[in-house]
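The block underneath contains the structure these notes are about, expressed in C-alpha cells.
Remember, it's 1-based here, ligands and their atoms both numbered in the order they're listed.
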Amino acid sequence: MPVTFEIPPVATATSDVAQSDETSQQILAHGKARDLESLVETDARCGVQNYGRLAKAFVRGRGARLWDASGKEYLDFLGGIAVVTVGHSHARVAEAVTRQMNAIQHSSNIYYIEPQVELAEKLSELSGGMRAFFCNSGAEANEAALKMARKWAKQKNAAKFEIISTLDSFHGRTYASLAATGQPKYHEGFEPMPQGFKYVARNDVEALRDAVNGYTAAIMLEPVQGESGIWPMTLEFMQAARDLCDQNGAALIFDEVQCGMGRTGKFFAHQWTSIKPDIITMAKGLGNGVPIGALLARDELAAALVPGTHGCTFGGNFVSCSAALATLEVLRDENLMENAHVVGKYFESELEKWNAQTGAITEIRSHGLMVGVSLREPKAKDLMRACLEDGLVFNAVGDDILRFLPPLCITEKDVDDAMEIIARAYAAL
Ligand SMILES: *Cc1c(COP(=O)(O)O)cnc(C)c1O
C-alpha cells in the first residue's frame with residue numbers, strides 16, 4: 001500500500017497558519033541597535049553559554065584598530081585570534097567580497113567554481129605543488145587531513161590507523177580533531193572519544209620514537225603550538241617526525257591553522273626549516289575573517305580521496321575563496337610577511353627592554369607576529385583585563401602567559417603604543 005498524506009488546505013489570510021506566519025515575519029526582522037547591557041542580557045537568555053566572554057562588543061575595525069559603540073578606540077594585538085591577517089575591513093578584501101556577492105554567491109562542488117580553482121593554484125604554488133581541498137574551519141581541515149592520512153595509510157597496509165600528536169596541541173573541536181588535541185581537559189565529558197589517537201610530549205624525540213610503530217598512520221604537529229601559549233617545535237623533533245614517517249609509511253601532517261599564512265614571517269611556519277610535510281592544514285588567517293579552511297596534500301596522499309569519499313557543501317565557495325585570494329594579494333603587495341618578521345623582532349626587543357626594568361617575564365617566545373610571553377607571576381588575566389580597559393586587545397593563556405597575534409600590518413609605532421599600555425597596566429596591578 002502506498003503511503004498517502006492528507007494535504008492541508010492552503011492558508012488564507014484569516015487562518016491561524018497565516019497569523020503565525022505573520023508573527024515569525026516580525027521575529028525574523030532585524031532588531032534595533034542594542035547597547036552592551038542588552039547584548040549581555042539577551043545572550044545570557046538565548047545563547048548557549050559555551051564561551052566565557054568579556055563584556056565588550058566591537059562595532060568597527062580598520063587596520064589594527066577596533067572601536068566599541070561608545071567610540072572608544074582599541075589597538076588590536078589579537079586579530080580575532082590570528083584571523084585578521086591584513087587588517088580589519090581591508091578595502092581590497094571588502095571590495096572582492098562585495099563584487100563576488102553581487103555576481104554569484106553559491107553553486108555547488110558538483111560544478112567548477114572559478115575562484116576556488118584559482119585559490120587552489122595559488123596555494124599549490126605556495127606549497128611547492130600540493131593539491132588543495134577546501135572547507136570552512138580549522139577543525140574541518142584537520143578532520144579531512146586525518147581521514148585522508150588513514151585512508152592512504154590503510155591502502156598500503158590495512159593494519160594502520162594510529163595518529164600520534166603532541167600534548168598541549170590544539171587541532172579543533174570536532175571529534176577526530178578533538179581526539180588529536182592532546183589536552184585531556186577538552187575531552188572530559190565527551191567520551192567515548194574516537195579510537196586510535198596517542199600523544200607524546202612536544203620535542204621529546206625519544207617518546208616520539210617509542211610511540212611510532214607499524215600501526216602508525218600519521219603524526220600531526222603544529223610547527224608552533226598556538227592555543228596553549230606559543231610553543232615552537234624544535235628542528236630536531238620535526239626532523240625526527242619526518243624520518244619516522246618515512247621509515248614507517250606514515251603521513252606527516254603540519255597543522256598551520258594558526259602559525260601559517262605568513263604570520264611567522266614565511267608563508268608557512270615550517271618553511272623556516274627544510275622539512276616537507278605530506279599534508280598541511282590552514283584556516284584562521286586565510287580569509288581575513290571570512291570563514292575558510294584548506295587542506296594541502298602531496299599527490300600521493302591526495303589520491304586517497306576519490307569521488308564520494310569526502311566533501312563539504314560550503315567548502316571552496318565563491319565568497320570565501322574570493323576573500324582568500326584578495327587576502328593573499330594584499331599579503332604580497334603590502335609586504336606583510338616581511339613586516340611580520342621585522343615588527344615581530346622589534347616587539348621582542350621592546351618586551352626584553354621592559355623586562356630589564358621590571359623582571360616581569362620569564363620567557364619570550366617570538367615567531368614573527370606570533371608572540372607568547374610567560375610572566376613570573378600569575379597576573380596574565382588581570383593584565384589582559386587592565387590593558388583591555390586601557391585600549392589594548394590581546395589574550396591570556398592560563399594564569400601566566402600573554403598571547404599576541406596581531407594583524408600583520410602593525411607598525412613599530414603600534415608596538416610602542418602597546419608597550420606603553422602594558423607597562424602602565426602592569427605597574428598599576
Ligand atoms: C584554531 C585552531 C584550530 C581549530 O580551528 P577552528 O576554525 O576553530 O575549527 C585548529 N588548529 C589550530 C592550530 C588552531 O589554532
Side-chain angles (χ1 to χ4, degrees), residues 48 50-53 78-85 133-149 163-183 185-187 190 194 197 199 202 218-233 238 241 252-264 267-270 277 279-296 312 314-317 320 323-324 327 365 367-372 394-398 401 403-406 408:
V48 173
N50 60 314
Y51 298 110
R53 297 185 203 272
L78 187 60
I81 313 189
V83 166
V84 183
T85 304
F133 163 80
F134 295 103
C135 51
N136 312 291
S137 67
E140 273 182 276
N142 286 332
E143 203 77 17
L146 294 166
K147 285 179 72 178
M148 179 186 278
I163 313 289
I164 299 168
S165 59
T166 54
L167 292 169
D168 297 328
S169 58
F170 187 83
H171 298 298
R173 304 286 196 157
T174 59
Y175 260 111
S177 66
L178 182 61
T181 295
Q183 301 192 58
K185 67 178 182 197
Y186 291 146
H187 297 178
F190 296 113
F197 291 81
Y199 319 97
R202 90 178 145 254
I219 299 175
M220 182 179 241
L221 302 174
E222 293 161 83
V224 184
Q225 285 181 344
E227 194 261 358
S228 58
I230 319 297
W231 302 97
M233 298 296 153
M238 287 168 74
L252 181 60
I253 305 168
F254 281 166
D255 177 346
E256 297 235 6
V257 168
Q258 188 165 149
C259 61
M261 202 59 191
R263 181 155 293 279
T264 65
F267 189 72
F268 293 113
H270 75 265
I279 299 176
I280 303 167
T281 55
M282 302 182 72
K284 287 196 167 80
L286 184 54
N288 207 47
V290 178
I292 180 168
L295 164 151
L296 303 168
C312 183
F314 292 130
N317 68 77
S320 58
T327 305
R365 295 176 295 277
H367 309 272
L369 288 174
M370 194 176 188
V371 180
F394 60 87
N395 90 330
V397 178
I401 298 174
R403 182 168 62 151
F404 301 96
L405 300 159
L408 306 187

Legend entry - Which residues share a side chain to side chain donor-acceptor pair (under 3.5 Å) with E256, sequence neighbours left out: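 E256 satisfies side chain to side chain donor-acceptor pair (under 3.5 Å) with H270 once adjacent residues are dropped.
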
Inset, instruction - Would you check ligand 1 and list the protein residues that come within less than 4.0 Å of it by any heavy atom, ordered by chain and number? - result: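 Within 4.0 Å of ligand 1, the protein residues are S137, G138, A139, N142, F170, H171, G172, E222, D255, V257, Q258, K284.
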
Inset, instruction - State the CG-OG1 distance between N142 and T181, to the nearest 0.5 angstrom. - result: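 Rounded to the nearest 0.5 Å, the CG-OG1 separation comes out at 8.0 Å.
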
Legend entry - All side-chain contact (heavy atoms from CB on, under 4.5 Å) counterparts of V371, not counting sequence neighbours: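 With sequence neighbours excluded, V371 shows a side-chain contact (heavy atoms from CB on, under 4.5 Å) to F347, L351, I364, S366, V373, F404, given in chain and number order.
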
Inset, instruction - Using a cut-off of 6.0 Å, state whether more than 12 heavy atoms not belonging to F314 lie near its atom CZ. - result: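 Incorrect, the count does not exceed 12.
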
Inset, instruction - Tell me, please, which residues at least two apart from R173 pass salt bridge (Lys or Arg N to Asp or Glu O under 4.0 Å). - result: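 Applying salt bridge (Lys or Arg N to Asp or Glu O under 4.0 Å) to R173 gives none.
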
Inset, instruction - Apply the test side chain to side chain donor-acceptor pair (under 3.5 Å) to residues S228 and Q183: give CA-CA distance (whole Å), side-chain angles for both, the deciding distance (0.1 Å), then the verdict. - result: CA-CA 9 Å; S228 58; Q183 301 192 58; 5.3 Å; no

